[in-house]
4 protein chains.
Amino acid sequence: MSKKKNSRERIVAGARELFAEKGYQATSISEIATTAGLSEGAIYRYFNSKEDLLLACVKPALDDSLDLIKQKDLAVSDLRSFTRLLLEKRLALFHKHYLSYKILFTEAYFNKDLFKMMCETVLSDDRLKAGTEMILGFEEIKRLRNYFTIMLSQVFALWSIHHLRNITGELREYLPEGMSRVSDQDLLDDMTDFILYGITENPPAGSEKDENNGGEA
Amino acid sequence: MSKKKNSRERIVAGARELFAEKGYQATSISEIATTAGLSEGAIYRYFNSKEDLLLACVKPALDDSLDLIKQKDLAVSDLRSFTRLLLEKRLALFHKHYLSYKILFTEAYFNKDLFKMMCETVLSDDRLKAGTEMILGFEEIKRLRNYFTIMLSQVFALWSIHHLRNITGELREYLPEGMSRVSDQDLLDDMTDFILYGITENPPAGSEKDENNGGEA
Amino acid sequence: MSKKKNSRERIVAGARELFAEKGYQATSISEIATTAGLSEGAIYRYFNSKEDLLLACVKPALDDSLDLIKQKDLAVSDLRSFTRLLLEKRLALFHKHYLSYKILFTEAYFNKDLFKMMCETVLSDDRLKAGTEMILGFEEIKRLRNYFTIMLSQVFALWSIHHLRNITGELREYLPEGMSRVSDQDLLDDMTDFILYGITENPPAGSEKDENNGGEA
Amino acid sequence: MSKKKNSRERIVAGARELFAEKGYQATSISEIATTAGLSEGAIYRYFNSKEDLLLACVKPALDDSLDLIKQKDLAVSDLRSFTRLLLEKRLALFHKHYLSYKILFTEAYFNKDLFKMMCETVLSDDRLKAGTEMILGFEEIKRLRNYFTIMLSQVFALWSIHHLRNITGELREYLPEGMSRVSDQDLLDDMTDFILYGITENPPAGSEKDENNGGEA
DNA sequence: CATGAATGAGTGTTCATTCAT
DNA sequence: CATGAATGAACACTCATTCAT
């Protein structure tokens with residue numbers, strides 16, 4: 001059983017890496033098998049199809065993602081902490097499941113099942129309801145009209161920053177001197193301030209980041 | 001000659017649509033030929049390879065994109081107008097070259113040549129220098145540390161919003177009641193305010209068209 | 001030991017059903033194993049190969065078939081009884097070993113070993129000699145020239161009728177109203193008369209149960 | 001065009017031979033391609049799938065078969081001529097399309113589309129209606145109850161004889177001295193007499209075969 | 001006596017590309 | 001300019017068989 005589990009996990013891990021690296025279509029079962037140290041046929045003992053394997057690669061990330069907003073520790077009282085915590089959790093997910101999210105964001109549009117899985121996780125009724133309720137508790141938010149859309153877009157913004165930091169190497173020859181390597185803590189603080197106060201306003205005294213020394217994933 | 005040009009353009013237009021719809025790998029030359037009303041062999045009279053065709057599909061969008069920041073009309077004096085104009089130009093590009101950007105954002109990571117083309121356009125020395133100079137002229141910006149990164153991320157945020165609005169149909173079954181269909185003008189105003197003042201601060205009197213305290217979708 | 005025999009028989013029974021239903025090539029060892037409630041590997045404890053299993057499926061039918069003409073009760077004095085008895089025995093075999101004959105008639109031509117097994121059983125010297133001797137005893141037979149061929153062909157005719165009766169369900173949509181469901185007894189009587197007197201001559205008085213002038217299906 | 005047609009026909013002819021020789025499942029596209037002097041991929045320019053090719057192999061035989069009973073020359077006045085002509089036509093089809101019928105009789109049961117094609121041809125309403133009408137005109141037929149079934153079964157009987165004559169070589173080692181090599185004319189005469197009068201009755205004077213010297217396929 | 005993980009050769013099928021016409 | 005037949009390598013997937021346990 002341990003051997004079997006080992007094989008399955010080796011397959012998934014290798015496939016995830018390859019799918020993220022070269023794309024789903026450009027990755028062959030044969031490559032995945034070689035990476036896992038198995039024969040092609042062996043893959044099909046664990047997965048019915050290449051697509052099944054794709055879904056399996058991404059599932060843990062979506063499961064983890066689903067738990068994000070349910071967690072009790074999101075129930076913080078002030079908007080700044082709430083916003084930062086949300087970003088922090090999201091960034092932690094991007095760290096932990098970087099490859100999976102890379103796969104998701106590039107393949108989901110072309111794969112109906114993946115798209116469905118992603119939507120059902122990200123846009124589940126429960127999540128939306130819980131998120132909306134939390135937000136409605138904050139009076140400081142002045143412009144709610146597109147709050148949902150804006151928050152969603154900031155997730156992609158955060159992803160794009162995280163992703164760019166990860167491919168700095170590939171960008172080096174195109175970027176003048178390499179993008180600023182900002183620490184996670186600084187990035188989170190900056191984004192929190194940005195979301196709350198934009199680029200022109202100073203954060204209110206006493207709300208500044210110095211108080212945020214909490215651990216990070 | 002006009003016939004030839006005609007054929008070439010029919011090929012590119014059809015290929016762009018197919019690449020955007022189904023992805024590069026999932027689109028066959030045969031399909032493209034059929035769409036263009038030509039034979040498979042005819043494609044190779046205009047393009048040396050499928051990849052060449054891919055690059056050709058995306059080139060006009062990148063060329064247009066390159067002109068964006070060079071234009072004189074970006075030389076506005078106040079930060080709000082500058083920011084809004086930048087967003088507006090960007091959104092206009094997304095409108096005009098929606099299919100091309102869809103292709104870029106999904107294929108560029110997996111195609112070295114496409115990636116290079118995109119980087120050389122988006123991250124060209126000229127662009128960065130010009131952009132940086134403009135920004136340095138505005139004293140209102142309080143937190144410049146990651147200004148570049150943040151602005152770049154907002155481009156992806158804007159793209160994500162635009163894209164989500166375009167696939168509303170596919171999302172309908174996953175979203176509670178359909179995402180708010182905000183007009184381009186409102187979207188640009190909201191994003192400008194968001195970037196400048198965040199979600200908590202009111203814009204300075206007189207800088208906004210409207211007071212948006214309405215409910216949320 | 002009883003367990004083992006049990007397993008072996010379960011395998012053979014399941015395989016026979018699957019081979020008859022889907023064909024030899026289209027049936028996988030894995031299916032057979034599942035049907036028998038065993039693992040794939042277990043099959044190879046009882047059979048050296050899939051082909052071995054195929055032969056085992058069909059063997060009992062051939063063994064039974066071999067006994068047919070040897071039996072003493074075939075030694076009847078009149079031709080009608082002899083002919084009918086032969087048909088009756090044959091039909092009984094088709095009933096008892098329907099699946100096996102289905103396999104035989106569809107696979108034997110493509111499988112040398114199966115073909116050999118079948119020929120050695122059906123066309124054995126003993127059988128032919130015994131059959132010929134019996135026939136030579138009947139003076140009523142006017143045209144012996146191809147008696148052997150004709151009798152052999154009637155076996156296939158009988159099989160085709162029996163088989164058609166078994167797949168009535170699948171034929172229903174193609175047949176006007178469903179083929180006449182004739183009882184075994186009537187079928188045997190009809191065929192006997194047909195073989196002896198054809199379709200135009202009435203059987204001699206007293207040699208038939210009934211006068212069949214009824215309509216046709 | 002002539003080249004193309006040539007290829008298609010070479011593929012079909014080769015496939016038909018291989019399917020008949022080794023069975024559908026046991027024949028690979030690669031073999032068919034080699035036989036036709038083409039690459040594997042080329043097959044798919046002419047047929048969408050292996051199954052399509054199978055149907056194409058068999059179609060001409062079924063088309064010809066469909067025409068059999070429609071032909072005017074079947075409108076003969078006496079039962080003997082009618083019966084013999086039917087057998088003769090059938091045997092001619094078996095000669096002309098021997099390989100196709102071999103395929104049909106071994107694969108049709110396992111291939112729904114083939115089965116359907118065969119049934120729709122053999123059991124078409126028109127055929128049955130036309131056949132029934134013709135038969136009803138003959139008063140000599142004493143036992144009509146299973147006339148349809150019996151005639152159908154005689155087709156299989158005729159097939160089995162024809163087939164056995166074709167595989168005499170393979171049977172030689174199992175048969176005492178080789179089966180009687182009866183000419184087509186004699187076979188048809190014998191079978192006609194058999195169907196009309198069975199094995200015991202002499203045909204009425206003057207109806208004998210000497211009058212049948214007609215050409216044969 | 002039985003398992004089931006693993007193999008490896010094979011399957012039907014697709015497709016970018018070439019080239020004679 | 002354009003065709004479309006042909007290639008050949010690749011693909012996802014299957015399966016009879018083996019073997020360590």
Side-chain angles (χ1 to χ4, degrees), chain A residues 1-8 25-33 36-53, chain B residues 1 3-4 6-8 24-34 36-53, chain C residues 1 3-4 6-8 24-34 36-53, chain D residues 1-8 25-33 36-53:
Chain A
M1 197 183 90
S2 83
K3 191 93 176 280
K4 168 180 173 180
K5 204 179 171 186
N6 218 325
S7 284
R8 196 186 192 281
Q25 297 256 24
T27 303
S28 72
I29 290 287
S30 143
E31 276 173 295
I32 295 168
L38 290 169
S39 67
E40 290 178 55
I43 306 287
Y44 290 88
R45 181 157 292 280
Y46 301 96
F47 303 95
N48 290 325
S49 66
K50 194 186 174 189
E51 205 198 318
D52 259 26
L53 176 50
Chain B
M1 195 185 90
K3 189 90 178 285
K4 172 180 172 182
N6 216 327
S7 284
R8 197 186 191 281
Y24 173 70
Q25 298 258 19
T27 303
S28 71
I29 291 287
S30 142
E31 269 175 300
I32 295 168
T34 303
L38 291 169
S39 69
E40 295 168 60
I43 305 286
Y44 289 86
R45 202 156 269 286
Y46 300 97
F47 304 95
N48 291 324
S49 68
K50 193 185 175 189
E51 205 198 319
D52 261 23
L53 176 51
Chain C
M1 196 184 90
K3 190 89 176 288
K4 173 179 172 182
N6 216 326
S7 283
R8 195 185 193 284
Y24 173 70
Q25 297 257 19
T27 303
S28 70
I29 291 287
S30 142
E31 270 175 299
I32 295 168
T34 302
L38 290 170
S39 68
E40 296 169 59
I43 306 286
Y44 288 85
R45 204 155 269 286
Y46 300 97
F47 304 94
N48 290 324
S49 67
K50 194 186 174 188
E51 206 197 320
D52 261 24
L53 176 51
Chain D
M1 196 184 90
S2 82
K3 190 94 176 280
K4 168 182 173 180
K5 205 177 168 188
N6 217 324
S7 284
R8 194 186 194 280
Q25 297 257 21
T27 303
S28 70
I29 291 288
S30 143
E31 275 173 296
I32 295 168
L38 290 169
S39 68
E40 291 178 55
I43 306 287
Y44 289 88
R45 181 156 292 279
Y46 301 96
F47 304 95
N48 290 324
S49 66
K50 193 185 175 190
E51 205 197 321
D52 259 25
L53 176 51

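Throughout, protein chains are lettered first and strands after them, A, B, ... in sequence-line order, and every chain is numbered starting at 1. All values derive from a computational prediction rather than experimental measurement.
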What's the separation between atom [atom1] in [X] and atom [atom2] in [Y], rounded to the nearest 0.5 Å?
X: A:I32; Y: A:L53; atom1: CD1; atom2: CG; answer: 5.0 Å
X: C:R45; Y: C:L38; atom1: CZ; atom2: CG; answer: 11.0 Å
X: B:K50; Y: B:I43; atom1: NZ; atom2: CD1; answer: 11.5 Å

* Comparing A:A26 and D:L38 on DNA chain F - which has the more 5′ nearest nucleotide -> D:L38
* **Working for side chain to side chain contact (heavy atoms under 4.5 Å, CB included), residues D:Y44 and D:I29** => CA-CA 10 Å; D:Y44 289 88; D:I29 291 288; 3.7 Å; yes
* Asked: What does D:I43 touch in the nucleic acid at a heavy-atom separation under 4.0 angstrom: a base, only the sugar-phosphate, or nothing?
  -> nothing
* When you compare F:dT21 with E:dC1, how far apart are their P atoms, in angstrom units rounded to a whole number? -> 22 Å
* Rounded interatomic separation in angstrom, taking CG from A:N6 and C1' from E:dG4 -> 16 Å
* With B:T34, which residues qualify under side chain to side chain donor-acceptor pair (under 3.5 Å), at least two apart? -> none
* Structure fact -> side chain to side chain donor-acceptor pair (under 3.5 Å) filter on A:S28, not counting sequence neighbours, yields A:E31
* Structure fact -> A:Y46 has its side chain closest, among F:dG8, E:dA6, F:dT3, to E:dA6
* **Sequence-distant partners of C:Q25, side-chain contact (heavy atoms from CB on, under 4.5 Å), two or more places apart** => D:Q25, D:A26
* Who passes side-chain contact (heavy atoms from CB on, under 4.5 Å) against C:E51, sequence neighbours left out? -> C:Y24, C:S49, C:N111, C:D113
* **DNA chain F stem ranges, 3 or more consecutive Watson-Crick or G-U pairs under 3.5 angstrom** => E:2-21 with F:2-21
* What is the per-nucleotide protein-contact pattern of nucleotides 16-21 of chain F, from the 5' end, where B denotes a base atom under 4.0 Å from a protein heavy atom, S denotes such proximity for sugar-phosphate atoms only, and - denotes neither? -> SBB---
